[in-house]
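Remarks on the structure that follows.
Side-chain atoms are counted along with the backbone in the values below, which use heavy atoms only and exclude waters and symmetry mates. If you're wondering where the values come from, they're calculated on a predicted model, not measured in any experiment.
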Amino acid sequence: MYQIFKDQLDKSKMLLNGVKRNVRLGRDAGLNEKDLAKLEAQSRRLETLSAELDKLQDEARRKNEEAHQALLDLKSQIYRVKNTIKSKYDSTWWSKFGIPDKR
């Protein structure tokens, strides 16, 4: 969870607890149940979205690692194929195999 999300959620929870402990004073200040319900709903929404975002970031991290491994595998295979061709044929033939190397 991003720190800013955590901070705001903590603030909203503290505020909700404080207002609920002092309902009469909150009403005297002009707060009603609708205001508190809206604050609670928005807090729950941010918690839900934050959890979803964390899952997506974990998935993206795993996919990035998987793609990086696929890149390493491809580079390794290219190296093996190029070396096989280079060891078998003279450098004048390499370009026919799509190998631009000169030496």
*Return yes if a side-chain donor-acceptor contact under 3.5 Å exists between Gln77 and Arg80, otherwise no.*
yes
_Short side-chain to backbone donor-acceptor contact, Ser76 and Leu72, under 3.5 Å_ = no
_Ignoring hydrogens, what is the shortest heavy-atom contact between Ser43 and Leu9? Give both atom names and the distance._
O-CD2, 3.3 Å
_Can you give me the closest heavy-atom contact between Leu16 and Glu40, atom names plus distance?_
CD1-CG, 3.4 Å
*asked:* Could you see if Ile4 belongs to whatever hydrophobic cluster contains Leu46? Use Ile, Leu, Val, Met, Phe, Trp, Tyr and a side-chain cutoff under 4.5 Å.
replied: yes
*Please report the C-alpha distance between Glu66 and Arg62 in whole Å, then the side-chain angles of each, then the deciding distance to 0.1 Å, and finally whether the side chain to side chain contact (heavy atoms under 4.5 Å, CB included) criterion is met.*
CA-CA 6 Å; Glu66 187 179 329; Arg62 284 191 302 273; 6.0 Å; no
*Quick one: do Leu25 and Leu36 end up in the same hydrophobic cluster if we chain Ile, Leu, Val, Met, Phe, Trp and Tyr together by side-chain heavy atoms under 4.5 Å apart?*
no
*Calculate, to the nearest 0.5 Å, the distance between atoms NZ and CG belonging to Lys20 and Leu15 respectively.*
10.5 Å
*Answer yes or no: does atom CD of Glu33 have more than 12 heavy-atom neighbours from other residues, nucleotides or ligands under 6.0 Å?*
no
*asked:* With a 4.5 Å cut-off on side-chain heavy-atom distances among I, L, V, M, F, W and Y, is there a chain of contacts connecting Ile99 to Tyr89?
replied: yes
*In Å and rounded to the nearest 0.5 Å, what is the CD to CD distance from Gln8 to Gln3?*
10.5 Å
*Indicate yes or no: does Asp7 engage Lys11 in a salt bridge with an N to O separation below 4.0 Å.*
no
*asked:* Treating Asn64 as the side-chain partner and Ala60 as the backbone partner, does any N or O pair qualify as donor plus acceptor under 3.5 Å?
replied: no
*Exam field: side chain Asp35 to backbone Asn32, donor-acceptor pair closer than 3.5 Å*: yes
*Are Phe5 and Leu49 in one and the same hydrophobic cluster, where Ile, Leu, Val, Met, Phe, Trp and Tyr link if side-chain heavy atoms are under 4.5 Å apart?*
no
*asked:* With a 4.0 Å cut-off on N to O distance, would you call Lys6 and Asp10 a salt bridge?
replied: yes
*Could you grab the distance from atom OG of Ser91 to atom CH2 of Trp94, nearest 0.5 Å is fine?*
5.0 Å
_Atom CZ of residue position Phe97 - does it have more than 12 heavy atoms of other residues, nucleotides or ligands inside 6.0 Å?_
yes
*CG/Asn22 to CG/Leu31 distance, rounded to the nearest 0.5 angstrom?*
11.0 Å
*Hydrophobic cluster identity match, Val23 and Val19, side-chain contacts under 4.5 Å*: no
*asked:* Test side chain to side chain contact (heavy atoms under 4.5 Å, CB included) on Lys55 and Asp58; report intermediate values, then the result.
replied: CA-CA 5 Å; Lys55 286 179 187 177; Asp58 287 341; 5.7 Å; no
*Does a donor on one side chain and an acceptor on the other come within less than 3.5 Å for Asp73 and Gln69?*
yes
